[in-house]
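We number each residue from 1, following the sequence as shown. All figures in this text were calculated on a predicted structure; none of them were measured in a lab.
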Amino acid sequence: SLERLDLVYSRDPPRRRYVQDALVEAADELRRWVADGAAIHVCGSLRGMAPGVDAALQRILGSELLEGMAADGRYRRDVY
């Protein structure tokens, strides 16, 4: 079930917000979800959002955990 929904609008002033910012703000909850077996799916721009989201996830979870999740199919990216 969906426990949380953050709506992020990077092109709407006055407060432009990005997915990676929302992830950092929810870092503690994200860590708990991952510890409980959550999967992360990223879909979006290879040049825009995806690198920023990946960098935020690496800061939050660490490269080793993120790589392990990718190997287990729990971190998937559909970027274009």
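Here Arg4 pairs with Asp6, Glu29 under the side chain to side chain donor-acceptor pair (under 3.5 Å) rule; sequence neighbours left out. Applying the side chain to side chain contact (heavy atoms under 4.5 Å, CB included) rule to Tyr80 yields the partners Cys43; only residues at least two apart in sequence or on another chain are considered. With sequence neighbours left out, the side chain to side chain contact (heavy atoms under 4.5 Å, CB included) criterion links Leu65 to Val34, Leu61, Met69. Take Ala39 and apply the side chain to side chain contact (heavy atoms under 4.5 Å, CB included) test, not counting sequence neighbours, and it matches His41, Arg74. Qualifying side chain to side chain donor-acceptor pair (under 3.5 Å) partners for Arg17, counting only residues two or more places apart in sequence or in other chains: Glu25. The side chain to side chain donor-acceptor pair (under 3.5 Å) check on Asp78 picks up nothing, with sequence neighbours excluded. Applying the side chain to side chain donor-acceptor pair (under 3.5 Å) rule to Arg76 yields no partners; only residues at least two apart in sequence or on another chain are considered.
Taking CG of Leu23 as the start and CD1 of Ile40 as the end, the distance is 7.5 Å to the nearest 0.5 Å.
Under the side-chain hydrogen bond (donor to acceptor under 3.5 Å, both in side chains) criterion, the residue pairs touching residues 42-63 are Asp54-Gln58, Asp54-Tyr75, Gln58-Ser63, with sequence neighbours excluded. The salt bridge (Lys or Arg N to Asp or Glu O under 4.0 Å) pairs that include a residue from residues 62-73 number zero, where partners must be two or more places apart or lie in different chains. The side-chain hydrogen bond (donor to acceptor under 3.5 Å, both in side chains) analysis of residues 31-40, with sequence neighbours excluded, yields the pairs Asp28-Arg31.
Leu57 and Tyr18 sit in two unconnected hydrophobic clusters of ILVMFWY residues. Membership requires side-chain heavy atoms under 4.5 Å apart, directly or through other members.
Scanning both residues, Ala50 and Arg77, for their nearest heavy atoms gives O-NH1, 3.6 Å.
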